[in-house]
Amino acid sequence: ILPRDLAQIQLHKIDGRWFLDEAATQRAAEDKVKTLADSVGQISVDKFVIDDPEDLKLYGLDNPATIVQVHNAAEKKAVTLRIGAPADLKDESFFATWSTTDEPSGVIFTLGESKIKPFDIAADGLRSPKIFTTTTDHVRRLLITRNRREPLHLERDAHGWAFAATRPCYLAPPEPS
């Protein structure tokens with residue numbers, strides 16, 4: 001789950017494919033999700049700042065700018081990274097904390113801008129532009145219906161592609177005279 005400003009992006013892995021919804025109707029681009037997931041796996045602390053701060057508001061963690069929640073199916077738990085306010089005037093480093101609960105942990109650290117940049121993405125940046133997800137070797141039948149024209153119906157078998165059922169009129173055998 002990636003809340004960004006007031007928008008929330010949820011990625012769901014269903015039957016080995018990534019989707020932007022649980023109904024599996026909005027496909028996510030596999031390469032972009034992989035890059036994002038790899039980014040999560042590469043995050044490391046730049047600098048530990050404080051343990052058990054009195055006020056998370058000083059670090060922008062009372063209302064984090066970004067929350068990244070990763071659900072690990074193998075371990076059956078979620079880890080939540082909260083990214084708060086800039087830690088410097090150049091916005092090159094940001095305060096952050098992580099936890100395995102709904103509450104932030106008591107350890108505040110910084111992350112460099114390059115580590116959190118992958119999470120500054122809109123849902124459209126993760127959508128798959130592909131219309132069909134199958135590869136050509138899996139296609140067995142094509143039916144193309146065009147306005148005011150005969151449908152084109154092709155089927156593939158072990159011998160290759162052939163016209164199925166009715167052949168287009170220009171390929172039909174001549175009628176006997």
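These numbers were taken from a predicted model, which means no experiment stands behind them. FYI, side chains are in, hydrogens and waters are out, and symmetry mates aren't considered; it's all heavy atoms of this structure.
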To the nearest 0.5 Å, what is the distance between [atom1] on [X] and [atom2] on [Y]?
X	Y	atom1	atom2	answer
Phe163	His153	CZ	NE2	11.5 Å
Leu154	Leu142	CG	CG	5.5 Å
Asp38	Asp31	CG	CG	11.0 Å
Phe94	Ile83	CZ	CD1	8.5 Å

Say whether, by atom type as modelled, one donor and one acceptor occur between the side chain of [X] and the main chain of [Y] under 3.5 angstrom.
X	Y	value
Ser105	Trp98	yes
Ser128	Arg27	no
Asp157	Gly160	yes

Do [X] and [Y] come close enough that some side-chain heavy atom pair is under 4.5 Å?
X	Y	value
Leu143	Pro151	yes
Leu58	Phe95	no
Ile108	Asp52	no
Ile116	Thr66	no
His71	Lys77	no

[X] to [Y] - nearest heavy-atom pair and separation:
X	Y	answer
Phe109	Thr97	CE2-CA, 3.6 Å
Arg146	Glu150	NH2-O, 3.3 Å
Lys32	Gly125	CD-O, 2.9 Å
Pro53	Tyr59	CB-CE1, 3.7 Å

Among the clusters formed by ILVMFWY side chains lying less than 4.5 Å apart, do [X] and [Y] turn up in the same one?
X	Y	value
Val79	Leu61	no
Ile67	Leu56	no
Val68	Trp18	yes

Inset, instruction - Report the C-alpha distance between Asp55 and Asp62 in whole Å, list the side-chain angles of each, state the deciding distance to 0.1 Å, and finish with yes or no for side chain to side chain contact (heavy atoms under 4.5 Å, CB included). - result: CA-CA 8 Å; Asp55 190 1; Asp62 59 323; 5.6 Å; no
Would you mind writing out the side-chain donor-acceptor pairs for residues 40-51 within the sub-3.5 Å range, not counting sequence neighbours?
| from | atom 1 | to | atom 2 | distance (Å) |
| --- | --- | --- | --- | --- |
| Ser44 | OG | Lys115 | NZ | 3.3 |
| Asp46 | OD1 | Lys115 | NZ | 2.4 |
| Asp46 | OD2 | Gly112 | N | 2.5 |

Inset, instruction - Would you please test Phe119 and Leu36 for side chain to side chain contact (heavy atoms under 4.5 Å, CB included) and show each step? - result: CA-CA 7 Å; Phe119 307 115; Leu36 194 60; 3.7 Å; yes
Legend entry - Residue pair Thr80, Thr100: steps toward the side chain to side chain contact (heavy atoms under 4.5 Å, CB included) verdict: CA-CA 6 Å; Thr80 303; Thr100 56; over 6 Å; no
Inset, instruction - Just grab all the side chain to side chain donor-acceptor pair (under 3.5 Å) pairs involving residues 82-93, residues at least two apart or on different chains. - result: Arg82-Ser99
Legend entry - Within 6.0 Å of CD in Glu30, more than 12 heavy atoms from elsewhere: yes
Inset, instruction - Test side chain to side chain contact (heavy atoms under 4.5 Å, CB included) on Val33 and Leu11 and set out the steps. - result: CA-CA 8 Å; Val33 174; Leu11 294 167; 4.2 Å; yes
